Asks: 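After the structure tokens below, expect a handful of questions from me.
No experiment lies behind these values; they were computed from the predicted model shown. Ligands are counted one by one from 1 in listed order, and the atoms in each one are counted from 1 as well.
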Amino acid sequence: RELHLGMFEIGKPLGKGKFGRVYLAKERSSGFVCALKVLHKSELQQGGVQKQVRREIEIQSNLRHPNVLRLYGHFHDSKRIFLILEFAGRGELYKHLRKEHRFPEWKAAQYIAQMAAALKYLHKKHVMHRDIKPENILVGIHGEIKISDFGWSVHAPNNRRQTMCGTLDYLPPEMLKQGAQDNHYSEKVDLWSLGVLTYEFLVGEAPFEDTPVMTQRRITRADMSVPSFVSPEAKDLIKRLLVLDPEKRIPLDEIQRHPWIVKHCVKDAKRSSGSSKEGKA
Ligand SMILES: O=C(Cc1cc(-c2ccc3c(-c4nc5ccccc5[nH]4)n[nH]c3c2)n[nH]1)Nc1cccc(F)c1
């Protein structure tokens, strides 16, 4: 079936990314609700990002995971490219984080467990995200998180110098080292960013937040301290992720078995089975 704009009823704006606006949309014949992202070809040309957008479309079209935002399809007209993206019922995670200042440990642990599951899926497909931060995470209608915006994701290894705007807070040390050879780092970069994310969920600010020069210096020295209100188990996981040597970072499999994650995410077997009808095979 030929996709075109007339198929959609356009609703309220949902947000605007670096290259385009996103609208709530409904496909007329099926009533299917989605997020329609509009990218202007002229803007992409000016930004020199057409190839990156094509790569992102190619990567995201093939991803299917409950914690990875779906790209259902795309089409274009003479001036614009349209992306049919999954609608996330509870919007952008960073807005929730700013409003709540920081998340309770049970919520942070559930989010990190879902991130670890999503990253495990992506890494198995040799896709590393490379831009994990609250701004790139959406929340579904059931409170589950969805990683989006694979603008920097690549099939490992890559040899593309990445020029990035935006925050340095999430960059791992190996990407900051002078003359770092792009293709010398691996999926382990996402583990470092997961550590920064865990810290920010629990503390409400990033661990190396400072002036740009100081942030870079603190990252390359892993110079950060965890406030005393953070539980010892959570602190242990943060410390095992924010390790300078990429090879020494706790692997994704071990994250899902980490005491802090297990404590908050595994259904508590001891909890009573409630009314008599429950618990029967
Ligand atoms: O640009 C993005 C990522 C992206 C996703 C979104 C986005 C933004 C907002 C939403 C929402 C959403 N739900 C809301 C509920 C309440 C309030 C606001 C909400 N926004 N659902 N899905 C979305 C998706 N913006 N940008 N992907 C992309 C870009 C180029 C090529 C490609 F294949 C993918």
Asks: Check ligand 1 against L71 and write out every atom of the ligand that is under 4.0 Å from a heavy-atom position of the residue.
Replies: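 In order of numbering, the contacting atoms are 33 (F).
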Asks: What atoms in ligand 1 come closer than 4.0 Å to a heavy atom of L85?
Replies: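 Under 4.0 Å from L85, ligand 1 has these atoms: 5 (C).
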Asks: Using distance alone, determine whether K12 and ligand 1 share an N or O pair under 3.5 Å.
Replies: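 Between K12 and ligand 1, no N or O pair is found under 3.5 Å apart.
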Asks: Report yes if E56 has an N/O atom closer than 3.5 Å to an N/O atom of ligand 1; otherwise report no.
Replies: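 The answer is yes, given that E56 and ligand 1 share an N or O pair closer than 3.5 Å.
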Asks: Taking the six-membered ring for Trp, is the centroid-to-centroid distance between F32 and Y72 below 6.0 Å?
Replies: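 Yes.
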Asks: If hydrophobic clusters are built by linking Ile, Leu, Val, Met, Phe, Trp and Tyr wherever their side-chain heavy atoms come under 4.5 Å apart, do F201 and M224 end up in the same one?
Replies: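 Yes, F201 and M224 fall within the same hydrophobic cluster.
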Asks: Are side-chain heavy atoms of V189 and P246 found at a separation under 4.5 Å?
Replies: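 Side chain of V189 against side chain of P246, heavy atoms only: no contact under 4.5 Å found.
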Asks: Tell me whether A88 has any N or O atom under 3.5 angstrom from an N or O of ligand 1.
Replies: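 The answer is yes, given that A88 and ligand 1 share an N or O pair closer than 3.5 Å.
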Asks: For E209 and R218, which heavy atoms make the closest approach, and how far apart are they?
Replies: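 Heavy-atom minimum between the residues: O-NH1, 3.2 Å.
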Asks: For G89 and ligand 1, answer yes if some heavy atom of the residue is under 4.0 Å from a ligand atom, otherwise no.
Replies: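 Heavy atoms of G89 do come under 4.0 Å of ligand 1.
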Asks: List ligand 1 atoms under 4.0 Å from E86, heavy atoms only on the residue side.
Replies: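 So the answer, numbered in order with elements, is 21 (N), 22 (N), 23 (C).
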Asks: Taking 4.0 Å as the limit for heavy-atom contacts, which would you say applies to L24 with ligand 1: side chain only, backbone only, both, or neither?
Replies: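 No part of L24 comes within reach of ligand 1.
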Asks: Do any nitrogen or oxygen atoms of R90 lie less than 3.5 angstrom from nitrogen or oxygen atoms of ligand 1?
Replies: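 N/O-N/O distance below 3.5 Å does not exist for this pair.
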Asks: Provide the number and element of each atom of ligand 1 under 4.0 Å from a heavy atom of L83.
Replies: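 Within the 4.0 Å cut-off of L83, ligand 1 contributes 28 (C), 29 (C), 30 (C), 31 (C), 32 (C), 34 (C).
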Asks: With a 4.0 Å heavy-atom cut-off (strictly under), which part of I57 contacts ligand 1: side chain, backbone, both or neither?
Replies: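 Both of them.
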Asks: Salt bridge (Lys or Arg N to Asp or Glu O under 4.0 Å) for D253 and R257? Distances and angles first, verdict last.
Replies: CA-CA 7 Å; D253 288 346; R257 296 196 299 269; 5.4 Å; no
Asks: Atom 9 (C) of ligand 1: which of V139, I147, L138 has the nearest heavy atom?
Replies: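 Nearest option to atom 9 (C) of ligand 1, by heavy atoms: L138.
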Asks: Are R217 and F208 in a cation-pi contact, defined as NZ or CZ under 6.0 Å from the six-membered ring centre and within 45° of the axis?
Replies: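 Verdict for F208: no cation-pi partner in R217.
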Asks: Please indicate whether H4 has more than 12 foreign heavy atoms, meaning atoms of other residues, nucleotides or ligands, lying under 6.0 Å from its NE2.
Replies: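 Correct, the count exceeds 12.
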Asks: Could you grab the distance from atom CD of E105 to atom CH2 of W260, nearest 0.5 Å is fine?
Replies: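 If I round to the nearest 0.5 Å, the distance is 6.0 Å.
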